[in-house]
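Written below as structure tokens is the structure these notes are about.
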Amino acid sequence: MTAGFQLGVIGSLTLSVASSVAIVICNKALISTLGFPFATTLTSWHLMVTFCTLHVAQRMRFFEPKVIDGQTVILFGLLNGTSIGLLNLSLGFNSIGFYQMTKLAIIPFTVMLETIFLKKRFSESIKFSLLILLLGVGIASVTDLKLNLLGSVLSGLAIATTCVGQILTNTIQKRLKVSSTQLLYQSAPYQAAILFATGPFVDHLLTNRSVFAHNYSAPVVGFIVLSCLIAVSVNFSTFLVIGTTSPVTYQVLGHLKTCLVLSFGYTLLHDPFTMRNILGILVAIFGMALYSYFSVRESKKKSAGDPLPVSQMPEKEVEPLMATNDVNGDTKKANGVTHDC
């Protein structure tokens, strides 16, 4: 692994964390202070602005577009768009605690899918570090676990579509040799289209309010524009991280964002914080540190030619939506409300 590639990975991880935390703060103000709860519709606007920004960048020759099989792109875009809508519905029909459990289940489900269908092997060290991480995040963020049939079905579908979508994000980039920018540019219109068509209905179902009847004051419009601009960075960094690392690494990064959101909520916004939150965050950070250590160690040994189990760091074999749904769920956790944004 070259030094330049390592710096690229570190840069993509940093960009993902910084932009995700920024959009959480922005969306928190939009939801809590300004009373704009229309999460799915807002996400469709995020994706439309992302596509328009990339289109301008492409016209200015910042990157070269690459033709991808139309059916592949359409199905991929619709799948990712559907996963965002299902995550929003899962949050709306479940308690926040059960929604957090849904997010935690994405990592083991992704490991299972990659093991079964991609024949990928995960070392015991990697599995142990992931277990510590999930335990810590669970302690910090999971409170109540109220179950209902519809909510459980929606959560199951959300987990399945999210895992498959993120695995495909990585697989398509590796097999078709397309960059994260090229794939996002090709798929964003389809993701935006399905959310733009279904968003108002999903939001009305969750909030009993119409996005078309909302009072769009100057502050609301300003924060919507700001949220859309930050989302360009969020969406770009999501595809970049998944393409240069792996689906599991992206999920680990997502839980780091959750811990940061909880910490920022306490230090900057004075949200309620308990010893349980602190203990959970410390355990989660320890799990992330173990995961990083074992991944780097196995990656170095593998590059040196040792036949070790595949780690979660970038590699040449095939190894997955939009960051918007993760950071939106974190916004909800910080707000204590049940609407994605």
Side-chain angles (χ1 to χ4, degrees), residues 16 20 23-24 27-28 31 37-47 50 76-110 113 137 141-142 145-148 150-169 187-188 190-207 227 231 234-235 238-239 242 247 250-251 253-255 257-258 261 320-341:
S16 179
S20 295
I23 204 172
V24 165
N27 288 351
K28 180 176 175 65
I31 290 178
F38 308 109
T40 311
T41 302
L42 179 63
T43 304
S44 71
W45 297 344
H46 286 170
L47 289 163
T50 297
F76 171 73
L78 294 179
L79 176 66
N80 275 342
T82 300
S83 73
I84 294 173
L86 285 171
L87 281 167
N88 287 354
L89 286 171
S90 172
L91 180 60
F93 284 92
N94 289 302
S95 65
I96 293 178
F98 191 81
Y99 175 76
Q100 289 298 123
M101 286 297 296
T102 298
K103 291 176 64 179
L104 291 177
I106 292 175
I107 283 184
F109 197 79
T110 301
L113 289 180
V137 176
S141 62
V142 176
L145 286 175
K146 298 177 182 177
L147 304 179
N148 65 82
L150 178 59
S152 299
V153 171
L154 290 171
S155 291
L157 292 173
I159 292 170
T161 53
T162 299
C163 291
V164 173
Q166 291 181 352
I167 290 173
L168 286 177
T169 300
S187 63
Y190 302 104
Q191 297 182 63
I194 188 171
L195 292 175
F196 188 77
T198 61
F201 301 101
V202 173
D203 290 334
H204 188 272
L205 181 65
L206 296 176
T207 67
S227 179
V234 172
N235 292 331
T238 295
F239 276 59
I242 293 173
Y250 174 71
Q251 288 298 326
L253 190 68
H255 292 308
K257 299 170 192 174
T258 298
V261 168
L321 154 60
M322 291 285 89
T324 339
N325 46 337
D326 281 335
V327 298
N328 292 337
D330 292 338
T331 303
K332 230 74 52 273
K333 181 65 181 68
N335 291 344
V337 299
T338 55
H339 310 299
D340 238 344
C341 69

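We use all heavy atoms of the structure for the numbers below, so side chains are in, but hydrogens, waters and symmetry mates are not.
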For a quick test of reading the model, state the closest non-hydrogen atom pair linking [X] to [Y] and the distance between them.
X      : Y      : result
Leu104 : Pro108 : O-CD, 3.2 Å
Pro247 : Thr110 : CB-CG2, 3.8 Å
Ala160 : Phe109 : CA-CE2, 3.9 Å
Ser20  : Val234 : N-CG2, 4.1 Å

Output the distance between atom [atom1] ([X]) and atom [atom2] ([Y]), rounded to the nearest 0.5 Å.
X      : Y      : atom1 : atom2 : answer
Leu89  : Thr82  : CG    : OG1   : 10.5 Å
Gln251 : Cys163 : CD    : SG    : 7.0 Å
Leu91  : Leu86  : CG    : CG    : 12.5 Å
Phe98  : Lys103 : CZ    : NZ    : 14.5 Å
Leu195 : Thr40  : CG    : OG1   : 7.0 Å
Leu87  : Ile159 : CG    : CD1   : 9.0 Å

### Query
Would you say the side-chain atoms of Thr161 pair up with the backbone N or O of Ala158, donor to acceptor, closer than 3.5 Å?
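Flag set: sc Thr161 to bb Ala158 pair under 3.5 Å.
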
Are [X] and [Y] packed together at the side-chain level, in the sense that at least one heavy-atom pair is separated by less than 4.5 angstrom?
X      : Y      : result
Leu206 : Phe38  : no
Asn80  : Leu168 : no
Leu205 : Phe93  : yes
Thr169 : Phe76  : yes
Gln191 : Thr43  : no

### Query
Sequence neighbours excluded, which residues qualify as side-chain hydrogen bond (donor to acceptor under 3.5 Å, both in side chains) partners of Thr102?
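Partners of Thr102 by the side-chain hydrogen bond (donor to acceptor under 3.5 Å, both in side chains) criterion, ordered by chain and then number, come out as Ser155.
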
### Query
By side-chain hydrogen bond (donor to acceptor under 3.5 Å, both in side chains), which residues pair with Ser227, not counting sequence neighbours?
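Applying side-chain hydrogen bond (donor to acceptor under 3.5 Å, both in side chains) to Ser227 gives Asn27, His46.
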
### Task
Take atom CZ of Phe196 as the centre, draw a 6.0 Å sphere, and report whether it contains more than 12 heavy atoms from other residues, nucleotides or ligands.
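No.
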
### Intermediate values then yes/no, side-chain contact (heavy atoms from CB on, under 4.5 Å), Met101 and Asn94
CA-CA 10 Å; Met101 286 297 296; Asn94 289 302; over 6 Å; no

